[in-house]
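Below you'll find the structure, written out as structure tokens, and then a few comments.
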Amino acid sequence: MSPGALPGFRDFYPTELAERSYIFGGWRDVARRYGFVEYDGPPLEPLDLYTKKSGAEIVDQLYNFTDKGGREIALRPEMTPTFARMVAARANAMRKPVRWFSLPQLFRYERAQRGRLREHFQLNMDIVGEADVSADAELLAAAIDVMRVFGLTSEDVVARVSDRRLLNALLAGIGVTSEQLPAAYAALDKLDRDPREVLEQRLAAAGLSVQTAAQLFELAGATADEAAFSQLVDAAGATAEWETLRSYLDHLESLGVRDWVRVDLSIVRGLAYYTGIVFELFDAKGELRAICGGGRYDTLLESLGGVSLPALGFGMGDVVLGELLRVRGKMPASEPAVDVWVAYGDSGTVEDAMRVAAKVRARGRSVEYALGSQKLARQLKAAYAAGAKQTLVIATPELSANEAMVRRKDEKVELRVQLDEWIAGA
RNA sequence: GUGGCCGUAGCUCAAUUGGUUAGAGCACCGGACUGUGGCUCCGGGGGUUGUGGGUUCAAUUCCCAUCGGUCACCCCA
């Protein structure tokens, strides 16, 4: 956080911008590998684009105001509504499934915390028009490959997956009614954070019997054990749902990312939103917030007034990811360096350096030289400090007009070259 | 929005129960090494101690408020 910037907003100095660009580069690279194409929309949208989806309460959590034309508008807190609108407008004309990604800057009016600012960039990858579970596998594999492209391994990051339909069937199997579902989900979500007794109390308040509550906890705990899991599935008559998840895991195996994935029914995410498989990526040590979250939202496009198409997607923010990369030493140090530094000796002036710089720049290389008038020793010091890959010295008494001495970074030897030839090859 | 902890130079930190003009290292700028760079030496700029009040002869130090940071709650699109 930079003092001076609004709370929760960041100034990107060159070092930070280099890190951001590095992250963006990895994101675009992986999205491209999976055949996704990039889009963008306006950062400012009508307020009701968000209230329509999330209700009026959402207004507390976003930047909204009335513009000079009297329109109620908001800085976008998420990309999905914009995405839905854009897809809906051309749904009929597009080849399905649609694979789009975007790197929007998103805003939310909340108190900032570690990993959660008022502004961030988020990789959004979405697939529209494919109901088959293979699409779910493709999407998660892409999210995991993003981890890989940054040098992270399955030791560093774990993907926890669940399936809304399977969970609903299992919950129904142990006697949870549809009215009690929200309470059951809330309890699952809080499993790691709140003590068991507190959760039991809340479940009881929602009308769940002591026995049902106990089975609920068993359900969440059985995730690692396939045998016990199968029993629960059989008991609930959720075989079809289980088969879907099994097939999902098989696909992930084929895509080469099965090691990263763990079934975990305590993954909840937005209740009104997701309809099928959901997932989250966490750092394996559990020190940070979720790196990424997403899943299938087959009914959302239609409910937003668009077309009826199955869809799925995820969002991955730059803040937590950046922290993870720094903590794990995976963030490359930025080395802003010019290609060539032109220094001149006593036989010349800054204008000689200028003439050479102009020619080398015309060749497409980045060039810097000492502005003003400086002694050669100082110029060379500056060249070193700038991290110049090559330093060219011209106009010293021992050099003729068309000669220069060249030294590469980190090399001791200095070569005498013909200036014209050297520039031509630069 | 609620609560806990924390705010001294760009960064990391000092400043003896409250006591002269708030210091150091790194970084930055300049000088020396008589002109081919990383070393060394010397010097310099930079702070209304987050801000505003209060207590006191005297506040970086104690009290209150406020702003900011951080953690948790809420929420997670």
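Just so it is clear: chains get the letters A, B, ... in the order the sequence lines come, proteins before strands, and each one is counted from 1.
Residues forming a side chain to side chain donor-acceptor pair (under 3.5 Å) with A:Gln390 (at least two apart in sequence, or on another chain): none. With sequence neighbours left out, the ring-ring contact (aromatic ring centres under 6.0 Å, His included) criterion links A:Tyr63 to A:Phe9, A:Tyr109. With sequence neighbours excluded, the residues forming a salt bridge (charged side-chain N to carboxylate O under 4.0 Å, His left out) with A:Glu138 are A:Arg99, listed by chain and number. Remark: A:Tyr248 engages no residue in a side chain to side chain donor-acceptor pair (under 3.5 Å) (not counting sequence neighbours). Every salt bridge (charged side-chain N to carboxylate O under 4.0 Å, His left out) that A:Asp298 has, sequence neighbours left out, goes to A:Arg296.
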Applying ring pair (Phe, Tyr, Trp, His ring centres under 6.0 Å) to A:Phe150 and A:Tyr22, what does each step give before you reach the verdict? CA-CA 9 Å; A:Phe150 290 123; A:Tyr22 174 69; 5.3 Å; yes
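Each of A:Gln374 and A:Ala383 lies near RNA chain B, and the nucleotide nearest A:Gln374 is the one positioned closer to the 5' end. Nucleotides of RNA chain B nearest to A:Lys190 and A:Gly115 differ in position, and the one nearer the 5' end is that of A:Gly115.
Shown for residues 307-323 of chain A: no residue has heavy atoms falling under 4.0 angstrom of RNA chain B.
Atom-to-atom, CG of A:Asp11 to C1' of B:rG68 comes out at 14 Å; the value is rounded to the nearest Å. If you take CD of A:Glu110 and P of B:rA72, they are 14 Å apart, rounded to a whole angstrom.
The side chain of A:Tyr384 has B:rG38 as its nearest neighbour among B:rG38, B:rU70, B:rA77. With B:rU36, B:rC73, B:rG35 as the choices, the nucleotide that has an atom nearest any side-chain atom of A:Pro397 turns out to be B:rG35.
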Any protein N or O atoms within reach of nucleotides 25-27 of chain B? Criterion: under 3.5 Å, listing atom names and distances.
none

Please produce a list of atom pairs where a protein N or O lies less than 3.5 Å from an N or O of nucleotides 31-34 of chain B.
unit_1 : atom_1 : unit_2   : atom_2 : d
B:rG31 : OP2    : A:Arg378 : NE     : 3.3
B:rG31 : OP2    : A:Arg378 : NH2    : 2.8

Do any N or O atoms of the protein come closer than 3.5 Å to N or O atoms of nucleotides 4-6 of chain B, and which pairs are they?
none

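Contact of A:Arg116 with B:rC75 (side chain to base): a donor-acceptor pair of N or O atoms is detected under 3.5 Å. Residue-to-nucleotide contacts include no donor-acceptor pair under 3.5 Å from the side chain of A:Gln379 to the base of B:rU36.
Sequence neighbours left out, not one pair with a member in residues 342-391 of chain A passes ring-ring contact (aromatic ring centres under 6.0 Å, His included). Identified under the salt bridge (charged side-chain N to carboxylate O under 4.0 Å, His left out) test for residues 366-392 of chain A, with sequence neighbours left out: A:Asp339-A:Lys389.
A cation-pi arrangement is absent between A:Arg164 and A:Tyr273 under the rule of less than 6.0 angstrom and at most 45 degrees off the ring axis.
Stem regions annotated for RNA chain B: B:1-7 with B:67-73, B:10-13 with B:23-26, B:28-32 with B:40-44, B:50-54 with B:62-66, counting only runs of 3 or more consecutive pairs of Watson-Crick or G-U type with both contacts under 3.5 Å.
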